[in-house]
> 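This is the structure I want to talk about, given as structure tokens.
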Amino acid sequence: MNQIEKVIILTGASSGIGEGIARHLAQQGHKLVLGARRTDRLAALCNTLRAEGAKIDYLATDVTQRDDTQKLADFTLEKYGRIDVMINNAGVMPLSPMSSMKVDEWDLMLDVNVRGVLYGIAAVLPAMQAQHAGHIINIASVGALTVSPTAAVYCATKFAVRAISDGLRQESRELRVTVINPGVVESELADSISDHVAREAMKSYRQIALKPEAIAKAVSWAIEQPGEVDVNEITVRPTASGH
């Protein structure tokens with residue numbers, strides 16, 4: 001049990017890394033408000049964690065809709081009176097070569113991976129500024145550090161998340177801002193890959209995938225640091241990963 005309970009909002013919480021983060025932070029004793037589109041999964045997760053003593057709620061949230069993310073923040077403020085941590089985790093990864101011309105998928109990645117993060121920040125920033133404290137954690141990717149074939153647009157969105165995060169950090173002397181860059185992790189992200197070439201390449205890449213708990217522990221460690229300590233960036237890769 002964590003000695004300091006924090007009020008935490010988490011998007012993309014219905015599966016994969018998000019679900020792993022929710023489970024771990026609930027075990028640490030934090031108060032959680034989860035957001036995702038698949039409310040059946042959120043309900044099942046919350047029921048399980050409440051049975052274990054967690055203080056946890058959820059709202060249907062599509063991060064591409066600014067009003068949805070704002071409602072998530074407003075609900076949290078109404079219930080707890082503050083927001084200590086915002087974890088922008090929702091993301092999509094429909095990889096494909098540029099020549100496949102999957103422009104709709106490019107748009108989706110921009111909407112979820114970039115605008116979704118911006119909407120998450122916008123939803124909580126006024127409250128955090130008013131309370132003169134807060135922690136925004138953005139889940140990026142090792143794709144924010146280097147570009148690979150079939151991942152040009154995906155990597156561009158994650159480079160953007162990294163840039164947005166560092167800009168926000170430099171602008172504030174009171175907020176903490178952390179970027180987490182996961183390597184390959186067990187999740188449903190690859191299920192969105194419609195391009196055959198990219199899907200086949202991902203199968204071998206994912207054979208060394210980490211469990212979501214590895215990322216959850218990195219998030220928890222950043223949160224647990226003293227208020228004057230700002231962990232700006234953590235990259236977590238499988239030991240067997242070459243890139």
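Numbers here simply count residues along the sequence, with the first being 1.
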> Any carboxylate oxygen within less than 4.0 angstrom of a Lys/Arg side-chain nitrogen, looking at Arg23 and Glu19?
yes

> Could you give the side-chain donor-acceptor pairs of residues 118-126 under 3.5 Å, partners two or more places apart or in another chain?
none

> Let me see the working for Arg66 and Asp68 under salt bridge (charged side-chain N to carboxylate O under 4.0 Å, His left out), right down to the final yes or no.
CA-CA 5 Å; Arg66 185 177 175 186; Asp68 275 18; over 6 Å; no

> Could you tell me whether the side chain of Thr178 reaches within less than 4.5 Å of the side chain of Glu233, counting heavy atoms only?
no

> Considering all heavy atoms of both residues, which atom of Lys6 and which atom of Asp84 are nearest to each other, and what is their separation?
CA-OD2, 3.4 Å

> Give, for atom CZ of Arg169 and atom CZ of Arg176, the distance between the pair rounded to the nearest 0.5 Å.
13.5 Å

> For the CZ atom of Phe159 and the OH atom of Tyr154, what is their distance to the nearest 0.5 Å?
12.0 Å

> When rounded to the nearest 0.5 angstrom, what is the spacing between CG in Leu34 and OH in Tyr58?
10.0 Å

> Nearest 0.5 Å please: distance from the NE2 atom of His132 over to the CZ atom of Arg173.
14.5 Å

> Show your working on side-chain hydrogen bond (donor to acceptor under 3.5 Å, both in side chains) between Ser141 and Asn181 and close with a plain yes or no.
CA-CA 4 Å; Ser141 166; Asn181 299 318; over 6 Å; no

> If we count only N and O atoms by modelled type, under 3.5 Å, do the side chains of Thr11 and Asn89 hold a donor and an acceptor together?
no

> Do Thr157 and Asn113 get their side chains close enough for a donor-acceptor pair, meaning under 3.5 Å?
yes

> Side chains of Ile9 and Ile87, heavy atoms from C-beta outward: is any pair under 4.5 Å?
no

> Can you check whether Val85 reaches Ile137 side chain to side chain, under 4.5 Å on heavy atoms?
yes

> Below 4.5 Å, heavy atoms only, C-beta onward: do Ser165 and Val179 meet side chain to side chain?
yes

> How long is the straight-line distance from OG of Ser14 back to CZ of Arg38, given to the nearest 0.5 Å?
3.5 Å

> Does the side chain of Glu224 come under 3.5 Å of the side chain of Ser220 through a donor N or O and an acceptor N or O?
yes

> Can you see whether His30 engages Glu5 through a side-chain donor-acceptor pair at a distance of less than 3.5 angstrom?
no

